[in-house]
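Remarks on the structure that follows.
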Amino acid sequence: MKVKKTCIFIILFLVILIAISALFTFFQKEVPLKEKVALVNVEGPILQAKHTVDEIKDYVKDKSIKAIVLRVDSPGGGVVPSQEIYEEVRKAAAQKKVIVSMGSVAASGGYYISAPASRIIANPGTITGSIGVIMEVPNIKGLMDKIGVKTEVIKSGKHKDIASVFREMGSEEKEIIQGVMNDVHEQFIKAVSDGRRIPIEDVRKIADGRIFSGNQAAKIGLVDEIGNLEYAIKTAAKMAGIKGEPDVVTKKEKSPLLELLNGKISESVSKVVPKIELKYMYIP
C-alpha cells in the first residue's frame, strides 16, 4: 500500500513539474521578459545561405526580438546564396526592423544581401558597391600540353563541356556565357533598385563593378548614413521603440568540427578544388 502511494506521489510530482516547465516555456515565448535586438553576423565569402537564413527566421519568430542588426563584413560570394539571404532579409524587413551595419567590406554579394534592409549604416571607410558579376574559368591547356596529357571528351551536345578548363573557349561559347552573365547582372541591378527604392536606370549607371567608400555610398543613396556597429544597434532599438540600452542577443559560434560538418569552412576546400560558378564578388 505504501509503495503504491509513493508511486502515485512520484507520478503526480512529475506531472506537476512537466506542467510548470511547459507553462514557463509558453510564457517565455508569448510574454517576453525583455525587448531585445538580435545581431546576425555575415563574415567572409558568402558560400552558403542556410545558416544565416535559419538564424534570421528564428529571430523573426521570436516575439522578444524587436529588431535585427545584420553585421556584414563580406566581399560577396556565390550568386544563389546571396539571393537566398537577400530574400530572407526582405521578408524579415516586412515584419521587423532590419538594420545593416557594414564592416570593412560589404561589396558585391555583401551589398546585395544588404539592399532590402530597413536601413543601411556604413563606416566612412567601408568598401561597398561593386555591383557586378564575375566568373573565373581557369585554362590549363598549356600546362597539359607541356606534360603530355590529353583529355578525350564524349558529349551529347557541342556546348556540353562549355567552360572546360582543358581547352580554350570559343567565341560562340564566350557569347553564351556573356548572355548568362548579363542576365544575372540585371537581376543584381533590379534587386538593388527594389531594395533601395532607387530608379533602375540610376542603379544601372553605377553598376559597372566599381567600388565606393562608405562616405561616397551615402552620397548616392546606396547607404543611408554613417556610423559604427554600436550606433547601428542603438538605431535599431530606437526604430523598434525600445527605450534605454537594448539587450543584444546573438548566436553562439559553433565548434570548428561542427562548422566543417555544416560546410561553413568550405572556403578552404574551394581553394584546393576550384569551382567554376557565377559570383557576386569583389576581388581586389
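- In this structure the side chain of L222 reaches within 4.5 angstrom of the side chain of V192, judged on heavy atoms.
- A side-chain hydrogen bond (donor to acceptor under 3.5 Å, both in side chains) check over residues 111-135, counting only residues at least two apart or in different chains, returns the pairs R119-E225.
- Residues I120 and R196 are in side-chain contact: their nearest non-hydrogen atoms beyond the backbone lie under 4.5 Å apart.
- Under the side-chain hydrogen bond (donor to acceptor under 3.5 Å, both in side chains) criterion, the residue pairs touching residues 197-209 are E186-R204, E201-R204, D208-R210, with sequence neighbours excluded.
- Under a 4.0 Å N-O distance rule, the pair D247/K66 does not qualify as a salt bridge.
- At least one side-chain heavy atom of D161 sits less than 4.5 Å from a side-chain heavy atom of R167.
- Applying the ring-ring contact (aromatic ring centres under 6.0 Å, His included) test to residues at least two apart or on different chains, none of the pairs has a partner in residues 199-225.
- Contact annotation: the side chain of I177 approaches that of M169 to within less than 4.5 Å [non-hydrogen atoms, C-beta and beyond].
- When side chains are defined from C-beta on, S108 counts as touching F188, because their heavy atoms get closer than 4.5 Å.
- Between D194 and K190, some side-chain heavy-atom pair lies under the 4.5 Å cut-off.
- Heavy-atom contacts from other residues, nucleotides or ligands closer than 6.0 Å to NZ of K219 number 12 or fewer.
- Side-chain contact between V37 and I99: absent, with no pair of heavy atoms (C-beta onward) separated by less than 4.5 Å.
- Under a cut-off of 6.0 angstrom, the local environment of NZ in K96 is crowded, with over 12 non-hydrogen atoms contributed by other residues, nucleotides or ligands.
- Checking side-chain atoms of D224 against main-chain N and O of I121 turns up no donor-acceptor pair under 3.5 Å.
- Side-chain contact between V69 and L229 is present, with heavy atoms from C-beta onward closer than 4.5 Å.
- With Y59 as the aromatic partner, K36 does not meet the cation-pi criteria of under 6.0 angstrom to the ring centre and within 45 degrees of the ring axis.
- Using a 4.0 Å cut-off between a side-chain N of Lys or Arg and a carboxylate O of Asp or Glu, K251 and D58 qualify as a salt bridge.
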